[in-house]
Amino acid sequence: MRTWLRLLAPLAIVAVAVGACGGDDGGDTGEATLTATDNAFEPSTLSVSAGGTITLANEGEALHNLTIEEAGVDEDVEAGQSVSVTLPDDLEAGDYEMVCEYHASAG
């Protein structure tokens, strides 16, 4: 279970990037929701600003996890529950892989 996080540049640039993309990734770059089902994250990419929050909602039947190594994120979430994580304010803009450590081998 893998997906990608795009950490966006400062807010002035982010507003232009989100407008150009049509906001398909959840709109507000300060918050995004990621849904875990059995062996998949939806959506497959997220865009969030540094200091923003990602909420992982586990709609699957098993324990899932959100790990973003470069951001120091490693949170478990039980089936039917959700957890929110705040990204570090000083995390540089770029692309980061998000995985469920329990299901990463499933792709």
Side-chain angles (χ1 to χ4, degrees):
M1 181 183 292
R2 300 172 195 269
T3 196
W4 289 92
L5 166 69
R6 172 159 287 166
L7 192 67
L8 298 172
L11 192 55
I13 296 170
V14 169
V16 173
V18 170
C21 295
D24 290 344
D25 58 359
D28 183 3
T29 58
E31 294 183 24
T33 299
L34 184 65
T35 301
T37 59
D38 295 320
N39 301 324
F41 280 141
E42 291 294 330
S44 60
T45 62
L46 292 175
S47 295
V48 181
S49 56
T53 301
I54 299 172
T55 299
L56 176 62
N58 184 351
E59 294 182 2
E61 297 293 322
L63 173 69
H64 289 295
N65 168 275
L66 176 61
T67 296
I68 310 169
E69 287 186 29
E70 300 88 350
V73 171
D74 184 17
E75 293 286 334
D76 289 348
V77 61
E78 297 286 339
Q81 302 296 311
S82 63
V83 64
S84 293
V85 295
T86 301
L87 299 174
D89 290 331
D90 60 352
L91 193 60
E92 293 186 26
D95 293 336
Y96 297 89
E97 184 177 38
M98 298 186 292
V99 299
C100 171
E101 66 181 29
Y102 305 118
H103 302 102
S105 64

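Heavy atoms only: backbone and side chains are in, while hydrogens, waters and symmetry mates are out. These figures come from a predicted structure and were not determined experimentally.
- For E70, the CD atom is densely surrounded, since the number of other residues' heavy atoms within 6.0 Å is greater than 12.
- When every heavy atom of A50 is checked against every heavy atom of P88, the shortest pair comes out as CB-O, 3.7 Å.
- Side-chain heavy atoms closer than 4.5 Å link hydrophobic residues (I, L, V, M, F, W, Y) into clusters, and following such links, possibly through other members, connects V83 to F41.
- Between the side chain of H64 and the main chain of Y102, no donor-acceptor pair closer than 3.5 Å is present.
- Annotation: side-chain contact (heavy atoms from CB on, under 4.5 Å) contacts of D74 (sequence neighbours excluded): N65, T67, E101.
- A distance of 9.5 Å separates CD of E31 from OG of S49, quoted to the nearest 0.5 Å.
- Just one of V73, L46, T45 meets the side-chain contact (heavy atoms from CB on, under 4.5 Å) condition when paired with M98; it is L46.
- Under the 3.5 Å distance criterion, the side-chain polar atoms of D76 are left unmatched by any main-chain donor or acceptor of L63.
- Here the side chains of L87 and I68 are in contact, with some heavy-atom distance below 4.5 Å.
- Across all their heavy atoms, A32 and V48 have their closest contact at CB-CG2, 3.6 Å.
- A pairwise comparison of heavy atoms in V85 and E75 identifies CG1-CG, 3.2 Å as the closest pair.
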N/O donor-acceptor pairs under 3.5 Å from side chains in residues 51-60, not counting sequence neighbours:
from: T55; atom 1: OG1; to: S84; atom 2: OG; distance (Å): 2.8
from: N58; atom 1: OD1; to: G60; atom 2: N; distance (Å): 2.8
from: N58; atom 1: ND2; to: A62; atom 2: O; distance (Å): 2.8
from: N58; atom 1: ND2; to: V77; atom 2: O; distance (Å): 3.0
from: N58; atom 1: ND2; to: E78; atom 2: O; distance (Å): 3.3

